[in-house]
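Take a look at the structure below.
Remember, predicted model here, so these are calculated numbers, not experimental data. Reminder, nothing fancy here: chain letters follow the sequence lines and each chain counts from 1.
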Protein chains: 2
Amino acid sequence: MAGTKTLRKEEYSISELAAEFSITPRAIRYYEEVNLLTPHRNSKTTQRMYTRRDRARLKLILRGKRFGFPLVEIKEMIDLYDVDPTEKEQLRQTVAYGDRRLGEIDEMIRELQEIREEIFEFRNRFLEVLEGEEA
Amino acid sequence: MAGTKTLRKEEYSISELAAEFSITPRAIRYYEEVNLLTPHRNSKTTQRMYTRRDRARLKLILRGKRFGFPLVEIKEMIDLYDVDPTEKEQLRQTVAYGDRRLGEIDEMIRELQEIREEIFEFRNRFLEVLEGEEA
DNA sequence: TCGTAGTTTTACGTTGACGTTAACGGAAGC
DNA sequence: GCTTCCGTTAACGTCAACGTAAAACTACGA
């Protein structure tokens, strides 16, 4: 089985991607409008074709959305993957940006754990009441 | 110092609350429009007055917003605090709702930790490059 | 008592993130 | 060749979550 890699498509059409992620083609085109995706065109200026890299970016976009980040901020974050590693100043700024984001994310995790605790305790209190009645 | 509790205001005006949470009075009134807050009126149908309980609810609203929850869902979650503990069916449904939310939140925490890892590694890789140059 | 600062309702405006429709083009199956 | 799906652009519509502006009321300190 040497050389057996999970066979993956190289390119995707817009509706293939849309179906895979349960969104609409319109949404994907919109992400292109705001420069979050830059698919190339196939067969002489017609269909958009999405590479695995485009697909990966789309995944990141949707992940950001799940946390309520606006698309502009999602773009900022995703663009970190494209920083030129020879530009010292850019690197420095990126590191600083990353540090800020890390702080935010740690805070979010903290808060989420709080929320989890609250819901959990509420749930249990209610469950106890129910199980008390059961007897 | 017995009986010394941190002196807290009993009631707040709309702009006091707005200032405290760095939002606008309009936003607070909007939350009332969608039944997320129900301040009482003081001195004959004029000013809205917010109790500490209202203030607590506002805090919860803003916390929900930080995670991108729409106001309707935030309302669902906050209303858990007001479930009638004598209504068995309501309790049962609330427990089920809580379980669903707990699942979601666990997933969010997991994802956030992933994101944290990614940013962290990126940051470190960049930092290494910078420190290499330093020498 | 007057000014000014805060509050009220009403109502229209705005922004982000798409949804929806129209009008068209190419390809594929019959 | 015709229909039936994709796909394309362009343009207008929509919904949530407020922003903003107008016009009136009230509260309060100098």
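- Within residues 69-81 of chain A, the residues approached by DNA chain C to less than 4.0 Å at the level of any non-hydrogen atom are A:Pro70, A:Leu71, in residue-number order.
- Summarising the geometry, the separation between CD on A:Gln47 and P on D:dC6 is reported as 11 Å, rounded to the nearest angstrom.
- Side-chain N/O atoms of A:Glu11 and A:His40 include a donor and acceptor closer than 3.5 Å.
- Partners of A:Glu117 by salt bridge (charged side-chain N to carboxylate O under 4.0 Å, His left out), not counting sequence neighbours: none found.
- Whole-Å rounding puts the A:Arg48 CZ to C:dG26 P distance at 16 Å.
- Between the CD atom of B:Glu11 and the C1' atom of C:dT7 there is a distance of 16 Å, rounded to whole Å.
- Not counting sequence neighbours, the partners of A:Asp106 by the side chain to side chain donor-acceptor pair (under 3.5 Å) test are B:Arg116.
- The phosphate of D:dG7 (OP1 or OP2) has a side-chain N or O of A:Ser13 nearer than 4.0 angstrom.
- Sequence neighbours left out, the pairs with a member in residues 102-126 of chain B that pass ring pair (Phe, Tyr, Trp, His ring centres under 6.0 Å) are A:Tyr81-B:Phe122, B:Phe122-B:Phe126.
- Inter-axis angle, ends of the helix from C:dT1-D:dA30 to C:dC30-D:dG1, five pairs per end, rounded to 10 degrees: 0°.
- With sequence neighbours excluded, no residue satisfies side chain to side chain donor-acceptor pair (under 3.5 Å) with A:Gln113.
- Using a 4.0 Å cut-off on heavy atoms, the residues of residues 17-35 of chain B that approach DNA chain D are B:Thr24, B:Arg26, B:Ala27, B:Tyr30, B:Tyr31, listed by number.
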If you apply the rule salt bridge (Lys or Arg N to Asp or Glu O under 4.0 Å), what do you find for A:Arg110 with A:Glu114, and how did you get there? CA-CA 6 Å; A:Arg110 261 190 6 79; A:Glu114 270 183 41; 3.6 Å; yes
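- Partners of B:Asp84 according to the salt bridge (charged side-chain N to carboxylate O under 4.0 Å, His left out) rule, which considers only residues two or more places apart in sequence or in another chain, do not exist here.
- In this structure, of C:dG6, C:dT9, D:dT8, it is C:dG6 that holds the atom nearest to the side chain of B:Ser15.
- At D:dA17, none of the side-chain N or O atoms of B:Lys65 fall inside 4.0 Å of OP1 or OP2 (strictly under the cut-off).
- When the salt bridge (charged side-chain N to carboxylate O under 4.0 Å, His left out) test is applied to B:Glu89, the partners found at least two apart in sequence or on another chain are B:Arg92.
- As a whole-Å value, the separation of A:Asn42 CG from C:dA27 C1' is 13 Å.
- Considering only residues two or more places apart in sequence or on other chains, B:Arg29 meets the side chain to side chain donor-acceptor pair (under 3.5 Å) condition with none of them.
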Check: residues 14-26 of chain B side-chain donor-acceptor pairs under 3.5 Å, at least two apart:
unit_1: B:Ser15; atom_1: OG; unit_2: B:Ser13; atom_2: OG; d: 3.4
unit_1: B:Glu16; atom_1: OE1; unit_2: B:Lys9; atom_2: NZ; d: 3.0
unit_1: B:Glu16; atom_1: OE1; unit_2: B:Ser13; atom_2: N; d: 2.9
unit_1: B:Glu16; atom_1: OE2; unit_2: B:Lys9; atom_2: NZ; d: 2.7
unit_1: B:Glu20; atom_1: OE1; unit_2: B:Arg55; atom_2: NE; d: 3.2
unit_1: B:Glu20; atom_1: OE2; unit_2: B:Arg55; atom_2: NE; d: 3.1
unit_1: B:Glu20; atom_1: OE2; unit_2: B:Arg55; atom_2: NH2; d: 2.5
unit_1: B:Thr24; atom_1: OG1; unit_2: B:Ala27; atom_2: N; d: 3.1
unit_1: B:Arg26; atom_1: NH1; unit_2: B:Glu33; atom_2: OE2; d: 3.2

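- For B:Tyr97, the side chain to side chain donor-acceptor pair (under 3.5 Å) partners at least two apart in sequence or on another chain are B:Glu76, B:Arg101.
- Between D:dC25 and B:Thr46, no contact under 4.0 Å exists linking OP1 or OP2 to a side-chain N or O.
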